[in-house]
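Taking it in order: structure first as structure tokens, then the write-up.
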Protein chains: 2
Amino acid sequence: MAAKTTGGRGRASRGKPTSSDVAAAAGVSRSAVSFAFNRPDYISEATRDRILAVAQEIGYVPNTLARMLKAGQTNALGVLLPQSLAKIMENPYYARFLMGVGQVCDHEGLTMVLTPPLRDSMLKAIPYAAVDGFIVCGLETDRGEVAELARHRIPFVLVDSDPQEDVPSVDVDDHGGALAVMRHLLGLGHRRLAVLSIDPGPDKAVRGYRGPLARRMAGIVEALAEVGLTLDDVALAEVPVTRTDGYRATKTLIRQASPTAIVALSDVLAFGAVDALHDLGIAVPGQVSVTGFDDLVEAAWLRPRLTTVRQAIATKGRTAADFLISAIREEDQHPHQLLGTSLMIRESSGPVPAG
Amino acid sequence: MAAKTTGGRGRASRGKPTSSDVAAAAGVSRSAVSFAFNRPDYISEATRDRILAVAQEIGYVPNTLARMLKAGQTNALGVLLPQSLAKIMENPYYARFLMGVGQVCDHEGLTMVLTPPLRDSMLKAIPYAAVDGFIVCGLETDRGEVAELARHRIPFVLVDSDPQEDVPSVDVDDHGGALAVMRHLLGLGHRRLAVLSIDPGPDKAVRGYRGPLARRMAGIVEALAEVGLTLDDVALAEVPVTRTDGYRATKTLIRQASPTAIVALSDVLAFGAVDALHDLGIAVPGQVSVTGFDDLVEAAWLRPRLTTVRQAIATKGRTAADFLISAIREEDQHPHQLLGTSLMIRESSGPVPAG
DNA sequence: CTGAAAGCGCTTACAG
DNA sequence: CTGAAAGCGCTTACAG
């Protein structure tokens, strides 16, 4: 601990100067100091200048925390993430999503607070960050957090989740996207398919798929049914969304199922798949087609260019931030936005190879 | 504004419940409530359980702001960024850097607050976010902010900057990196070079290059001198660090200077350059070599794989976070870390074409 | 094991 | 235009 000079309440005291220090040094009351910063019109310009000069000199700036406490707002938007900060920043999907959120924050003069999953050690006393509300992200969410947030009357919006009646939410037409990409592949004649899917987390066994993953799987099942197939007819791998995991899983899928097409449920996984196929000497799309989901900026850079399902990720972030701001202002609506998806047919998918 | 029931200090009051509400409902004092959350050993288990149950029931959770104010710390690390949040999240370099910072935050149980450049409208009353300290990032920094932070005794560390004696800092051997990549290209016989550089910002005219850019330029000049050239002998474009800007600038450079090698001072710019050359039908490295700087993860995905200067970006973030934590704890050291760079020779650079 | 009191640093009616 | 006072919601010695 730092040594603290006790009795020093004057400017001689160690630590950050407070409004009292400024008041003493400028020979005015603390309110005058406050007015100098917040209500220029309440005091004479001369006094204000003097106070500000003194403040500048002794290095005073109003304590943000105290200000926030008084005001009852923080001017910060929280983003409650489904994974560790390190993992999130590694995932281009989130970079893009946070870009959207960031645009709104920039525009509204808000800061952005990134919060990793709540430590569920003590679900009672969640140490919420100092924010005005949360954007709750991600496939793996809505365990206890959502109920907790609602109970504590903290404004929030759900993203990539299972929409709830009375909570604002932003989602994407995952079902339609998955359906479209599957029909594309099936239309090209592919029947030996592998689905490179996203790890649904530990409680899938208990509760089945949820959120976007559930919708995407439903789209896949629907498309399969159209040609008389079921999920049992495709190879399935479920892995964390990293390029490395996509790479490894692809090698396994190829070995075990020798599919003619790999349907990745995320572009990042598709990147890994293309890499793996390249390293295996398998031509894309000559021998194996690969499709993604998301249409990250990087998807168009890849060679071959990736066929994928586009979703407007930045728009999703922007919309979520807008909805949150409305919720914070207690404009008591509960808007639900469903953004469209569209199939981007590029170079990584082609007709099933002859034979 | 929300309607506020005035005199209601009981649990009937609107808005979030406070410790008084819990105390009243549980028939104990406010301190007891506080103890239930913070000092389990100060009260009986039975009482604690009762208080916690009541808290849970009425949806009470201690106000974070008040807590922080009392404690004098926020458990949040601020990252002061050189650009708007939207731009930052668009740049893979920052994604990687923030990943490093995130790793430390994850480990230490800290949250991460992203702060765009301070609005210099009112340099006196900068509305600092509620954080324990700042990691100050970026080429364009150290205008007024650094002096302000120091004046206000806010702990901070400088990253990618011009190190100062008494401020912790983390930098990279930009000079060595630039020197190495230039020697590589010159060694391959290239003499008609174009440098695709980073926009130094508005006050370059006044103060010249600073920070990493200054060091990289110095490395370039040194390498040029070794073969009897000067900066006047190379084409130079200075643009914002986006793939699009790299793309456009490359087209211009090719038209105006027809270089045999393009030295990009950032991988993101190099990505754009490779794209532009591809679209122009110019072979890389057959006709034009391209090099980058950073060695982003994506650099190895590119085809041809990008020759570039590797810097340990995530480590930089991690080190910066560690230094900041030390500074916050007032372990009064001012460590300076200089991380190495290394030249990654891959496929995008080759010998100067004959003729 | 509990309760009244002070205080973290600020802002804001309110009376002068 | 200024100053004393209350209060934002919490925590923490302190005396019981």
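In the text below, chain A, chain B and the rest are named by the order of the sequence lines, each starting its count at 1.
Across all strands, L69(B) comes closer than 4.0 Å to base atoms (heavy-atom distances). Here S34(A) lies in heavy-atom contact (under 4.0 Å) with a base.
Note that OG1 of T18(B) and CD1 of I58(B) are 8.0 Å apart. Values are rounded to the nearest 0.5 Å. Expressed to the nearest 0.5 Å, how far CG of L77(A) lies from CG of L110(A) amounts to 5.0 Å.
Rounded to an integer number of Å, the gap from CZ of R39(B) to C1' of dT11(D) is 9 Å. Distance NZ (K16(A)) to P (dG9(C)): 10 Å, rounded to an integer number of Å. For the pair D41(A) CG and dT2(D) C1', the interatomic distance rounds to 14 Å; values are reported in whole Å. Spacing between atom CD1 of I51(A) and atom C1' of dT2(D) amounts to 10 Å, rounded to whole angstrom units. Summarising the geometry, the separation between OH on Y60(A) and C1' on dG9(C) is reported as 8 Å, rounded to the nearest angstrom. Regarding F37(A), its CZ atom lies at a distance of 9 Å from the P atom of dT11(C), rounded to whole Å. What separates CG of D21(A) from C1' of dC8(C) is a distance of 14 Å, to the nearest Å.
The separation of dG16(C) from dT12(C), taken at their C1' atoms, amounts to 16 Å, rounded to a whole angstrom.
Taking the six-membered ring where the residue is Trp, Y93(B) and F97(B) present parallel rings, their angle staying beneath 30° rather than reaching 60°.
DNA chain C is contacted by both V28(B) and V33(A); V28(B) maps to the nucleotide lying nearer its 5′ end (nearest heavy atom per residue). Residues R30(A) and I43(A) each lie close to DNA chain D; by heavy-atom proximity, the contact nearer the 5' end of the strand is made by I43(A). Residue whose closest nucleotide on DNA chain C sits further toward the 5' end, between S44(B) and A66(B): S44(B).
The listed nucleotides are dT11(C), dG9(C), dA4(D); the one nearest the side chain of S31(A) is dA4(D). Comparing dT11(C), dC8(C), dT12(D) against the side chain of K70(A) picks out dT11(C) as the nearest. Proximity note for T18(A) (side chain, C-beta onward) versus dT12(D), dT11(C), dC10(C): the nearest is dC10(C). Side-chain atoms of F35(B) lie closest to dG3(C) of the nucleotides dG9(C), dG3(C), dG3(D). Listed nucleotides dT11(C), dT2(D), dC8(C) differ in distance to P62(A); the shortest reach to its side chain belongs to dT11(C). Comparing atom distances between the R67(A) side chain and each of dG3(C), dC10(D), dT11(C) picks out dT11(C) as nearest.
Of the side-chain N and O atoms in S29(B), none sit less than 4.0 angstrom from OP1 or OP2 of dT2(C). For Y42(A) and dC14(C), the shortest distance from a side-chain N or O to OP1 or OP2 is not below 4.0 Å. Contact between the side-chain N/O atoms of N38(A) and the OP1/OP2 oxygens of dT11(C) is found at a separation under 4.0 Å.
No hydrogens or angles considered: nothing links the side chains of S31(B) and S34(B) as a donor-acceptor pair under 3.5 Å. No side-chain N or O of N91(B) forms a donor-acceptor pair with one of R96(B) less than 3.5 Å apart. With no hydrogens or angles considered, a side-chain donor-acceptor pair links Q73(A) and N75(A) at under 3.5 Å.
Other residues, nucleotides and ligands place more than 12 heavy atoms under 6.0 Å from the CD atom of Q333(A).
When base pairs are accepted only as Watson-Crick or G-U wobble with both N-N or N-O distances under 3.5 Å, DNA chain D takes part in stems of 3 or more pairs at C:1-3 with D:14-16, C:5-12 with D:5-12, C:14-16 with D:1-3.
The side-chain tip of R39(B) does not point at the ring of F35(B) from less than 6.0 angstrom away and within 45° of straight on.
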